[in-house]
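Following: one structure in structure tokens, then a few remarks.
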Amino acid sequence: MIPGFERIVEDRIKNAQYKGAFKNLSGAGKPLNLTSDQHIPEDLRLAYKILKNADCLPPEIELKKQIQRTEELLAHMQDTQERYRAMKKLNYLIMKLNASRNQDARFDMPQQYESAIADRIGPVSTKPR
């Protein structure tokens with residue numbers, strides 16, 4: 001979104017909430033009907049339905065699941081070499097996920113090595129060399 005525009009949108013939503021514009025809406029408190037496929041292009045509906053019935057996930061969702069599993073494994077690892085290998089795998093998966101999207105780089109998932117490098121380097125000296 002355009003910088004500043006997000007702020008305007010958020011302010012208007014909060015103002016509408018404060019005024020009660022979202023109270024007593026039809027369907028309030030009921031689960032969303034996610035079986036409707038009206039938002040899916042007509043030529044993809046059959047393919048998506050077949051994939052859904054076969055319990056196949058889109059590649060992006062599969063990658064996100066792999067990233068989550070790798071993060072969980074990494075959190076419980078003690079061995080430094082294993083942690084390093086898991087961190088490399090995690091960063092590869094994140095890079096693969098970010099590369100598969102056609103969007104602005106600001107919305108990419110951050111890789112996990114930045115803080116480790118900062119810890120290893122230590123505080124940055126501001127003295128001239």
Side-chain angles (χ1 to χ4, degrees):
M1 264 193 207
I2 301 170
F5 186 68
E6 292 176 16
R7 176 93 173 157
I8 294 169
V9 170
E10 286 295 321
D11 288 344
R12 288 190 178 176
I13 290 171
K14 287 179 184 176
N15 191 17
Q17 281 178 322
Y18 180 74
K19 290 180 179 178
F22 301 123
K23 292 183 179 176
N24 300 322
L25 292 174
S26 62
K30 298 176 187 169
L32 294 174
N33 180 11
L34 299 176
T35 58
S36 172
D37 58 2
Q38 294 175 352
H39 62 284
I40 299 172
E42 204 170 310
D43 57 330
L44 295 176
R45 288 182 189 166
L46 181 60
Y48 281 14
K49 186 171 184 168
I50 291 169
L51 288 172
K52 181 181 175 188
N53 290 342
D55 286 331
C56 292
L57 295 174
E60 184 175 342
I61 303 300
E62 198 63 51
L63 270 173
K64 285 182 178 182
K65 282 188 165 191
Q66 278 186 295
I67 289 170
Q68 184 179 11
R69 283 192 300 262
T70 307
E71 285 175 337
E72 289 170 1
L73 285 173
L74 188 62
H76 300 293
M77 286 184 180
Q78 301 298 324
D79 183 35
T80 306
Q81 280 189 320
E82 285 182 31
R83 287 182 60 80
Y84 177 73
R85 277 191 227 111
M87 186 82 71
K88 280 178 63 174
K89 178 182 178 182
L90 178 62
N91 287 329
Y92 171 75
L93 292 171
I94 291 171
M95 181 199 64
K96 191 173 175 181
L97 176 66
N98 290 338
S100 70
R101 298 178 182 174
N102 292 326
Q103 67 181 19
D104 194 329
R106 292 179 297 167
F107 303 116
D108 283 354
M109 180 180 280
Q111 293 191 5
Q112 302 297 316
Y113 59 80
E114 182 180 1
S115 62
I117 291 173
D119 290 343
R120 187 174 279 183
I121 293 173
V124 178
S125 175
T126 55
K127 292 187 234 176
R129 292 181 182 197

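These values consider heavy atoms only, across backbone and side chains, with no hydrogens, waters or symmetry-generated copies.
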Could you tell me the separation between the [atom1] atom of [X] and the [atom2] atom of [Y], rounded to the nearest 0.5 Å?
X     : Y     : atom1 : atom2 : answer
Met87 : Asn91 : CE    : CG    : 7.0 Å
Ile67 : Leu97 : CD1   : CG    : 4.5 Å
Lys52 : Arg45 : NZ    : CZ    : 13.5 Å
Thr70 : Lys88 : OG1   : NZ    : 14.0 Å
Glu62 : Leu93 : CD    : CG    : 11.0 Å
Leu90 : Met95 : CG    : CE    : 12.0 Å

Quiz item: Rest of the hydrophobic cluster containing Leu46 (Ile/Leu/Val/Met/Phe/Trp/Tyr, side-chain heavy atoms under 4.5 Å)?
Solution: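 Cluster partners of Leu46: Ile50.
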Quiz item: Is Arg83 reaching over with its side chain to a backbone N or O of Leu74, donor-acceptor style, under 3.5 angstrom?
Solution: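 Yes; judged by distance alone, with no hydrogens or angles, the pair exists.
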Practice problem: Show the numbers, then the answer: is there a side chain to side chain contact (heavy atoms under 4.5 Å, CB included) between Arg69 and Lys65? | Solution: CA-CA 6 Å; Arg69 283 192 300 262; Lys65 282 188 165 191; 4.0 Å; yes
Practice problem: Answer yes or no: are there more than 12 heavy-atom neighbours, outside Glu72 itself, under 6.0 Å from its atom CD? | Solution: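 Yes, because the 6.0 Å sphere around CD of Glu72 holds more than 12 heavy atoms from other groups.
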Quiz item: If you look only at pairs with a residue in residues 7-24, which of them pass as a side-chain hydrogen bond (donor to acceptor under 3.5 Å, both in side chains), with sequence neighbours excluded?
Solution: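 Pairs touching residues 7-24 that pass the test: none.
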Self-check item: Contacts of type salt bridge (charged side-chain N to carboxylate O under 4.0 Å, His left out), residue Glu60, not counting sequence neighbours
Solution: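 Partners of Glu60 by the salt bridge (charged side-chain N to carboxylate O under 4.0 Å, His left out) criterion, ordered by chain and then number, come out as Lys64, Arg101.
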